[in-house]
Amino acid sequence: MVSRRFAVKSVNLILLLTLFSLPMLGQARSTAKPKPRVVVVGVNGMELDVIRPLLLQGKMPNLASVIKKGAYGKLRTLSAPNCPRVYSTLFTSTKPEEHGVSGFIVGGITANTNMLKEEPIWSLLSKDGVTVGMANVPATFPVMPVNGYMISGMLTRGKNCEDGVLCAPKLSEVQGGEAVYPAPLKAELLKNVGDFYIDCERMPAAMDLKGHETEVIDAWLNKVQLIRDEQTKLFDYLLDHHPTEFTWLAQSCEDRAGHWLYPIAPYHAGYNPKINGVRPDAFPNQYIAFDKVLGAILKHIDDNTYVIIVSDHGIKPLREFEETDPHAHMDHEKTTPVIAKHDFADGDDVPGSFFAMGPGIKHDLRLMGFEASVYDLAPTILHIYGIEQPVQMRGHVLSEIFENSDKAIAQK
Ligand SMILES: [Zn+2]
């Protein structure tokens with residue numbers, strides 16, 4: 001059910017968007033004073049314990065450059081965090097019971113944007129005249145009208161992925177809703193980018209792994225890299241051909257790899273040398289590969305652009321309270337032998353992370369403790385555009401990251 005408040009606003013948005021004709025898709029209006037440019041890069045389940053040694057070894061040079069030029073820290077996440085649940089809080093700065101997307105499956109139905117009961121950031125920005133581009137962002141299917149474009153991500157349904165849960169439909173094989181707004185952009189993408197996978201490959205089942213571990217693991221990792229290459233091409237195309245003032249791009253394969261290929265020690269629960277001894281570097285390598293995606297995005301960034309990298313939660317090996325935790329083994333599909341997860345009842349066990357750089361953002365600042373939370377992203381983005389925070393939003397502007405918050409606000 002869509003709440004009356006948000007439903008009314010949606011109608012207004014659609015009316016407003018009819019004023020923007022397709023030719024100006026993604027084009028900033030030249031008559032107005034330029035609005036700030038913000039690029040958000042979402043990484044599903046980035047684990048600081050894994051990326052820190054990689055940063056120390058110089059294996060994530062692009063993320064290291066953002067850290068040096070900006071502010072970063074842990075991001076307090078929700079209880080029992082998972083992607084749709086946290087992303088919908090990132091979008092709305094409200095609790096799951098308020099925004100309505102409490103998990104992958106809500107009331108027996110795969111989470112989708114029709115369930116969203118609070119107004120998301122893309123709608124607020126669009127109504128204020130900010131051009132918005134979103135691609136591959138989880139929990140954005142079916143896509144909604146924006147002042148720009150939207151291409152859905154995780155939870156998109158399609159052929160061989162009928163329930164939409166953690167599988168990879170191709171753009172041409174999407175079913176049960178639209179994956180691209182505006183509709184004509186779909187043909188343009190198929191022509192110029194190709195028929196890319198939306199979301200990441202499904203994890204292999206235990207029975208498929210048995211006796212073929214190395215072969216199945218390597219084939220899965222190769223598919224993951226193919227998907228990442230396709231998505232990088234998509235991002236590159238969109239940033240080149242449809243630049244928007246606000247852009248949100250996301251990656252999701254890293255988390256998936258962590259669930260069953262986390263480099264655990266033999267004393268961890270679930271250790272299986274036949275699987276976990278094969279490619280112990282598979283999970284760290286996901287972040288080295290992500291860093292290359294980030295490098296491709298940063299090529300489109302100038303000093304006047306804000307870059308925000310956000311992870312919705314971390315991921316950790318199974319814990320001692322697995323037996324009694326009400327959220328134990330609720331992760332994803334239940335067919336893969338998972339050795340790490342994130343939907344622990346205490347979200348502080350698996351914090352997300354936050355990295356920001358841009359005009360007026362402090363350099364080399366580390367946020368200690370849990371100064372930043374998943375509720376704070378939307379208010380901070382609105383602050384950059386000088387848009388007042390709606391009353392329902394529970395987070396606060398991360399003013400501590402700005403040199404002088406007045407300078408960081410756009411003059412409207
Ligand atoms: Zn996960």
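All values derive from a computational prediction rather than experimental measurement. Heads up: numbering here begins at 1 and tracks the sequence. Every number for a ligand or one of its atoms is a count from 1 in the order of the listing.
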Q.
Please determine whether His313 has a backbone or side-chain N, O or S atom lying under 2.8 Å from the Zn ion (ligand 1).
A. no

Q.
If I take the Zn ion (ligand 1) as the centre, what angle separates the NE2 atom of His342 from the OD2 atom of Asp255? Nearest 10 degrees is fine.
A. 130°

Q: For Ser65 and Asn62, test the side chains for any donor-to-acceptor distance below 3.5 angstrom and give the result as yes or no.
A: no

Q) Any sub-3.5 Å donor-acceptor pair from Gln231's side-chain atoms to Arg228's backbone N or O? A) no

Q: Please find the N/O/S atom of His259 nearest to the Zn ion (ligand 1) and write down its name.
A: NE2

Q.
Centre-to-centre under 6.0 Å for Phe235 and His300, is that the case here?
A. no

Q) Hey, do the aromatic rings of Phe91 and Trp248 have their centres closer than 6.0 Å? A) yes

